[in-house]
Amino acid sequence: MKLYNTEISVRLLLGTAQYPSPTSLTEAIQASECEVVTVSLRRETAQGSGAGFWKILRRTDCRILPNTAGCHSVSEAVTTAQMARDLFDTNWIKLEVIGHADTLQPDVFGLVEAARILCADGFEVFPYTTADLIVGERLLEAGCEVLMPWGAPIGSGQGLRDPDALRAMRAHFPDTPLIVDAGIGRPSDACQAMELGVDAVLLNTAVAKAGDPVGMARAMTQAIRAGRAGYLADPMEPRDMAVPSTPLLGMAELG
Amino acid sequence: MKISVNAKQREITSDTLSAALVELGFTEVAVATALNGSFVPRRDRDRTPVQDGDNLEVLAPMKGG
């Protein structure tokens, strides 16, 4: 899979927040085999509160995908993206423009506007969006080459609330990398997303808040591989009625 | 002069952003900066003046999803 001309072999992008310890974060990254991790920018202290975290990440050799989490306006998101590029030396940005403090639903109008500004400035934008097809079209027109529809609200672990919408996105954007971002709770959710044909899954809380984050990281990658393989193998269509799988021809008359 | 640094009032004597960061102790860590809401790239800090009442944001890598 290519994301902005970068080849990615593991279809899991992993968040780095909420782990019980730095060691569990490092081990979860290793267990997942992921090649991309998400990070944020927050206020620094003169004592360097972010330095230890940064050292850990650099040791993983993962590609960094900075986010604009917590930004509620276009100007906030654009400025945060610019600061992220300066800090991490990457044009990649996971663009979040949050529209509602409770649901953390994307403000898709602000998202399109911010994406247009950032794409014109050379950023490679990963927009956190809804599964709305028209919003997706606007984001592609703005210059995005990846779409990241939500599965369910951030951190909720509810799984895919609207699988049909994701299926419609796959059909509508056959050549655009689709990454389900947010809402995954269990490996079966990640597997379902991949079976629908999305290209990858981005998750954080489902691993970090599991009883065994390292085991869950491994399970997520296995589920994603299984879902992808299932999608490529072209699953059968569901039937309304039972159809015997064992041939009736040649049955003995025993009754 | 007094400036706001990450929402805390600080007294400094430096008159450029790069000197102010050193004076404020941001010497060991990688940071990104914004002055009065506008992004200031690393390469421009030497020539960016800091004035009384300015609002400086200093951000660092942090955990995120």
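All of these numbers come straight from a predicted model, not from anything done at the bench. We name chains A, B, ... by the order of the sequence lines, and we start the count at 1 in each one. Every heavy atom of this structure was used, including side-chain atoms; hydrogens, water molecules and symmetry mates were not.
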query = What are the two closest non-hydrogen atoms of A/A17 and B/G65, and how far apart are they?
reply =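 Taking every non-hydrogen atom into account, CB-N, 4.4 Å.
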ask   = Nearest heavy-atom pair of B/A34 and A/T79: which atoms, and what distance?
value =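 Minimum heavy-atom contact is CB-CG2, 4.4 Å.
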ask   = Between A/L87, A/N204, A/L13, which has the largest tally of heavy atom pairs under 4.5 Å with chain B?
value =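 Among A/L87, A/N204, A/L13, the one with the most close pairs to chain B is A/L87.
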task = Among A/T38, A/L202, A/L25, single out the residue with the greatest number of heavy-atom pairs under 4.5 Å to chain B.
result =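 Most heavy-atom pairs within the cutoff with chain B belong to A/T38.
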key: A/Y4, OH: over 12 other non-hydrogen atoms inside 6.0 angstrom   =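 Atom OH in A/Y4 is packed in, count exceeds 12.
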query = Counting only heavy atoms not in A/R186, do more than 12 fall under 6.0 Å of its CZ?
reply =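 Counting neighbours around CZ of A/R186, 12 or fewer heavy atoms of other residues, nucleotides or ligands fall under 6.0 Å, so no.
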inquiry  = With a 4.5 Å cut-off on side-chain heavy atoms, are A/V39 and B/P61 touching?
reply    =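 When only atoms from C-beta onward are counted, A/V39 and B/P61 do not touch, as no gap falls below 4.5 Å.
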query = For B/T27, is it the side chain, the backbone, both or neither that has a heavy atom under 4.5 Å from a heavy atom of chain A?
reply =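 No part of it gets close to chain A.
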task = Under 4.5 Å heavy-atom distance to chain A, tell me which part of B/V40 shows up: side chain, backbone, both or neither.
result =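 Backbone only.
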Would you check if the side chain of [X] reaches a backbone N or O of [Y] as a donor-acceptor pair within less than 3.5 Å?
X	Y	value
B/N6	A/E44	yes
A/D86	B/P41	no
A/R42	B/L59	no

key: Portion of A/F88 that has a non-hydrogen atom of chain B nearer than 4.5 angstrom   =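 The answer is the side chain of A/F88.
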Contact class of A/E76 relative to chain B, heavy atoms under 4.5 angstrom =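 Neither the backbone nor the side chain of A/E76 comes within 4.5 Å of chain B.
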message = For the CE atom of A/M83 and the OG1 atom of B/T33, what is their distance to the nearest 0.5 Å?
response =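 Rounded to the nearest 0.5 Å, the CE-OG1 separation comes out at 6.0 Å.
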task = Supply the atom-to-atom distance B/K63 NZ to A/T16 OG1, rounded to the nearest 0.5 angstrom.
result =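 Between atom NZ of B/K63 and atom OG1 of A/T16 there are 8.5 Å.
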inquiry  = Set out, in order, the CA-CA distance, both residues' side-chain angles and the distance that settles side chain to side chain contact (heavy atoms under 4.5 Å, CB included) for B/E57 and A/R43, then state yes or no.
reply    = CA-CA 7 Å; B/E57 291 285 346; A/R43 283 172 170 166; 2.7 Å; yes
